[in-house]
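Working notes for the structure below.
Protein chains get the first letters and strands the later ones, always in sequence-line order, with residue 1 at the start of each. Just so it is clear, the structure is predicted and the values come from calculations on it, not from any experiment.
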Amino acid sequence: METPHSAYLDQLNDVQKNAVTATEGPVLVVAGPGSGKTRVLTFRIAYLIEKGIPPWQILTLTFTNKAAREMKERIGKVVGDRANQVWAGTFHSIFARILRVEADKIGYPSNFTIYDSDDTKSVITKIIKDMNLDKNTYNANAIRSRISSAKSNLITPILYAKNEELMQQDRMSKRPHLHKIYAAYTAKCKQAGAMDFDDLLYRLFELFQRNPDDVLGKYREKFKYLLVDEFQDTNQLQYAIIRKLVNYDKSDRNICVVGDDAQSIYAFRGATIQNILDFEQDFKPHGIQVFKLEQNYRSTDHIVQAANEVIMNNRRQIQKKIWSDKGGGSPISMIKAMTDSEEGKRVADTIIEQKNRMHLQNSDIAILYRTNSQSRIFEEYLRRYNVSYKIFGGLSFYQRKEIKDLIAYLRLVVNPKDEEALRRVINFPKRGIGQSSIDKVSGQAAAKGQTLWQSLPEAEVGKRAKQSINEFVDMVKKAAHKAATANAYEVAAYMAKQSGLLDLLKADNTVEGLGRIENFNALLDGIKAFVEDDTVIDVDTLPDKSLATYLQNIALLTDSDDKDKDGDYVTLMSVHAAKGLEFKSIFVVGLEEDLFPSFMSMDSLDGLDEERRLFYVAITRAEQLLTLSYANSRYRFGKMRYNEPSRFLSEIPDKHLANANKTSSRRSSSDSGGAVRSKVSGAFKKKTSSFKIDPTTFQPSPSSEIKAGQKVLHLKFGEGVVKSIDGGAANRIATIYFDGIDHPNRRIMLKFAKLQILT
DNA sequence: GTTGGTATCTGTGGA
DNA sequence: AGATACCAAC
């Protein structure tokens, strides 16, 4: 083998270069934010290829399709077309590919369906109902996540029932039958020929476990070099599979994992940073090499230092100190708003200002929030200001009803055992097969030990329903027959028409209806594009335009995957979705206790540490400008809530803040230098004292009801009398006299004001 | 079986 | 607030 000395190596610093060229044996790369992690990974792969390793012997596992695609692109720039022959993809998609080939060995059909979390939830809900359990105690979402974490920890239903700790927890939460639901759910999925997201991992593990020689041996032989991106986000199950592939006798153990414990933000779905620590131990006997990338090439010093200070508050971490030589740059700014809507306005104002003063493009700017539901207000103001924007996340394209409906028909065509799909479409559009008929057939199926689909032709139901069922079955069979020879688009177009979905959508002329038909057509266009796409993905996959292959492709897509990067827009997304991205200017909004950190995480220190890492991820997305904002009050779940500013704000030292002391609300403690420094928002607690009234009992009246002469209560200014109202209908301004404050006559925009009418 | 109205629940992140 | 589940009336 030759040792390449390509020019691209000169683009790397010393540590990066060492991490790239240490190709043999186990390697751990600890990579801080902005430290050139992707660059190291891609150059490493390019280096392997140039060294003469056949690209198809290299397996690269990522968490998002986007990361995999970008990596392939960047490798391609160095080594050309050979990049396409590297096995690079998400854990889920690579494993699904292997499972398609080997499914029969674990009792699954090769055309198995992939259940998304909605399918999973609905199966679980149905089981709970069938078992006559209380659906409030047995909360479907809670159970789904418990089952999911069991699988992620390699706990089968049988092991679950034997696990005293888990069973004890279930008894404590009054859900002693949870393990039975888990068992029933597993059986149902298997019967339906379906795998959920966790199964794609678990079933592969099972496959390897049960077929150590023929199957596992084959893939060990095939994948000589393994690379794992974002290793801190792997769960136990994923690591177990990785170990099966590379950690065995006589293995060269050519594995390279890249990760940053400080950016682990997926513990909620079973990821554990313990894997990084274990990795070091597991591969120590085999000469593990550890590289730490600490130089940050992304952000200016204020941002990097603030990030370091914040993360220091976490209890457990791999020691490292991120540094930047980009100079101080702008200090971090703060926006303190009274209401969520004021927060939206001021963020939009600041965006306009940055665009004007710093000549930023829309695409240089991103607004990051903890929960997707926060996007609405920013959307409103950006639209009002005519700033183009794009929202990522939220309801993905494939989660829309009209899309799921057609997909369900297609799923049924490919795999008639898919009961979720069958139930979804058997009576949509309405064809007179009501709930009671379905329940009847379902009971008959259970009695005979058949799937629902198998029982349909022999269903014993009323005459009209029977007739409809027969027509429905015929339609699906015809489509299935067609699918044996036709491509995905032909079947989809046929089904769209025959099912009646297309006609139903066309009949709806409302604005929403037009949107739906647009989506529906976009889906058909997408299927057409899939059929007509002639790029070869890799050597192992023959071009296959079948419906089954199409469905497999989209099941593992996420919203962020089908975005078009072109266009100049401000990006709005959750912090989770922003991982791996960077922008010149970042707004982290909604920094309030119970929101960020989320109330769901507040009961444990682990949860809080994870929120802090999330905050760390958020602020390290910024290259030059970072703006943090919070609102004292916001609407949540239909009610006005009052929140303290996030504790994370107090973890950033004043010296990194632009306007640390310029606020009316915490004037009192700023001179002590501890304004934002106190532990757990001690200083902020005083902020409530600036309210004249108790926010928790304050009930704002609709602004349309405010009239001259009324006595009103204002959250901040207290009691006042409305003197007059002027301005147009949409922009009514009230002049209100508040006794005992500076400038007692205040002009208040009713649109933004929260006023409670007293008389 | 279908329709329309009311009660109830939900509430974070995502492959 | 919005989605969904449930129930009574048609």
Side-chain angles (χ1 to χ4, degrees), chain A residues 61-68 89-96 114-118 120-122 125-126 128-129 134-137 139-142 144-145 148 151-152 195-201 230 233-235 237-238 264-271 340 368-374 376 392-396 398-399 401 427-440 461-465 468 554-561 573-579 590 594-602 607 610-611 613-615 617-618 634-641:
Chain A
L61 297 170
T62 64
F63 274 85
T64 62
N65 296 300
K66 190 171 140 257
T90 63
F91 280 88
H92 292 86
S93 68
I94 297 275
F95 292 179
I114 297 172
Y115 274 177
D116 66 17
S117 23
D118 289 340
T120 298
K121 191 178 162 192
S122 125
T125 307
K126 191 169 173 306
I128 292 167
K129 212 171 177 176
D134 176 51
K135 68 172 164 46
N136 293 322
T137 328
N139 173 302
N141 272 327
R144 175 167 58 96
S145 85
S148 168
K151 279 190 210 172
S152 306
M195 296 198 200
D196 65 19
F197 289 131
D198 300 311
D199 287 329
L200 293 176
L201 313 179
E230 309 279 13
D233 288 335
T234 54
N235 60 34
L237 175 54
Q238 284 162 320
S264 163
I265 54 175
Y266 286 106
F268 73 91
R269 63 180 198 215
D340 48 359
L368 308 182
Y369 33 75
R370 181 65 181 80
T371 67
N372 283 313
S373 57
Q374 287 165 257
R376 211 202 75 244
F392 296 90
L395 247 206
S396 104
Y398 294 101
Q399 284 174 315
K401 183 182 175 334
N427 197 33
F428 189 86
K430 297 234 150 39
R431 46 175 72 89
I433 309 172
Q435 199 51 54
S436 56
S437 294
I438 296 171
D439 287 346
K440 254 186 228 166
V461 292
K463 201 168 166 229
R464 283 226 321 263
S468 296
I554 59 157
L556 298 169
L557 276 190
T558 49
D559 211 33
S560 58
D561 296 321
M573 58 170 53
S574 71
V575 181
H576 281 91
K579 185 151 98 157
D594 283 347
L595 181 60
F596 197 172
S598 154
F599 71 102
M600 299 285 287
S601 65
M602 299 282 252
E610 170 142 321
E611 295 287 313
R613 293 192 295 268
L614 194 55
F615 182 57
V617 167
R634 76 173 60 238
Y635 277 101
R636 273 180 100 186
F637 319 133
K639 276 208 173 71
M640 178 78 106
R641 301 291 188 89

Looking for any heavy atom pair under 4.0 Å, which part of the strands does A:Tyr266 touch: base, sugar-phosphate only, or nothing? sugar-phosphate
A:Gly432 and A:Asn427: which non-hydrogen atoms are nearest, and at how many Å? N-OD1, 3.2 Å
According to a strict under-4.0 Å criterion, is A:Ser117 in side-chain N/O contact with OP1 or OP2 of B:dG14? no
So which one's nearest nucleotide on DNA chain B is more toward 5', A:Thr90 or A:Leu595? A:Leu595
Please tell me which of the listed nucleotides, B:dA15, B:dT12, B:dG14, lies nearest to the side chain of A:Asn372? B:dG14
Check the distance between B:dG13's P and A:Arg613's CZ and give it to me in whole angstrom. 18 Å
Rounded to whole Å, please give me the gap between CE in A:Met195 and C1' in B:dA15. 15 Å
Rounded to whole Å, how long is the line connecting atom NZ of A:Lys121 with atom C1' of C:dT4? 9 Å
A:Thr125 vs A:Ser122, side chain to side chain donor-acceptor pair (under 3.5 Å): CA-CA, chis, key distance, verdict: CA-CA 5 Å; A:Thr125 307; A:Ser122 125; over 6 Å; no
Ignoring the backbone of A:Asn139, work out which of B:dT10, B:dT3, B:dA15 is nearest its side chain. B:dT10
Tell me what A:Ser436 touches on the nucleic acid: a base, only sugar-phosphate, or nothing, going by heavy atoms under 4.0 Å. sugar-phosphate
Using modelled atom types and a 3.5 Å cut-off, is there a donor and acceptor pairing between side-chain atoms of A:Asp594 and backbone atoms of A:Ser598? no
Does A:Lys579 reach a base, just sugar-phosphate, or nothing at all? Heavy atoms under 4.0 Å. nothing
Using only side-chain N and O atoms of A:Lys66, determine if any of them is under 4.0 Å from OP1 or OP2 of B:dA15. no
Checking B:dG14, B:dG11, C:dC6 against the side chain of A:Phe599 (C-beta onward), the nearest is B:dG11
Whole angstrom is fine here: how far is it from NE2 in A:His576 over to C1' in B:dG13? 4 Å
Residue pair A:Ile438/A:Phe63 against DNA chain B: nearer the 5' end by closest nucleotide is A:Ile438
Test side chain to side chain donor-acceptor pair (under 3.5 Å) applied to A:Arg613 - qualifying residues, sequence neighbours left out: A:Glu610
Has A:Phe268 got its ring stacked on B:dG13, by the test of a centre gap below 5.5 Å and a plane angle below 30°? yes
Could you list the residues that satisfy side chain to side chain donor-acceptor pair (under 3.5 Å) with A:Ser264, not counting sequence neighbours? none
Using the C1' atom in both, what is the distance from B:dG13 to C:dT4, to the nearest Å? 22 Å
Can you confirm if the NZ or CZ of A:Lys401 lies within 45° of the ring axis of A:Phe428 and under 6.0 Å from the centre of its six-membered ring? yes
Nearest to side-chain heavy atoms of A:Arg370, which nucleotide of B:dT12, B:dT10, B:dG14: B:dT12
Can you measure A:Tyr369 atom OH to B:dT12 atom P for me and round it to whole angstrom units? 14 Å
Once you apply a heavy-atom cut-off of 4.0 Å, does A:Ser574 come out as touching a base, just sugar-phosphate, or nothing? sugar-phosphate
A:Arg464 CZ to B:dT2 P: how many Å, rounded? 8 Å
Rounded to the nearest Å, what distance is computed from the CG atom of residue A:Asp198 to the C1' atom of nucleotide B:dG14? 11 Å
Specify the separation, in whole Å, of atom CG of A:Asp118 and atom C1' of B:dA15. 13 Å
With a 4.0 Å limit, can you tell me whether A:Asn141 has a side-chain N or O closer than that to the phosphate oxygens OP1/OP2 of B:dT12? no
Of the candidate nucleotides B:dA15, B:dG11, B:dG13, which contains the atom at the shortest distance from the side chain of A:Glu610? B:dG13
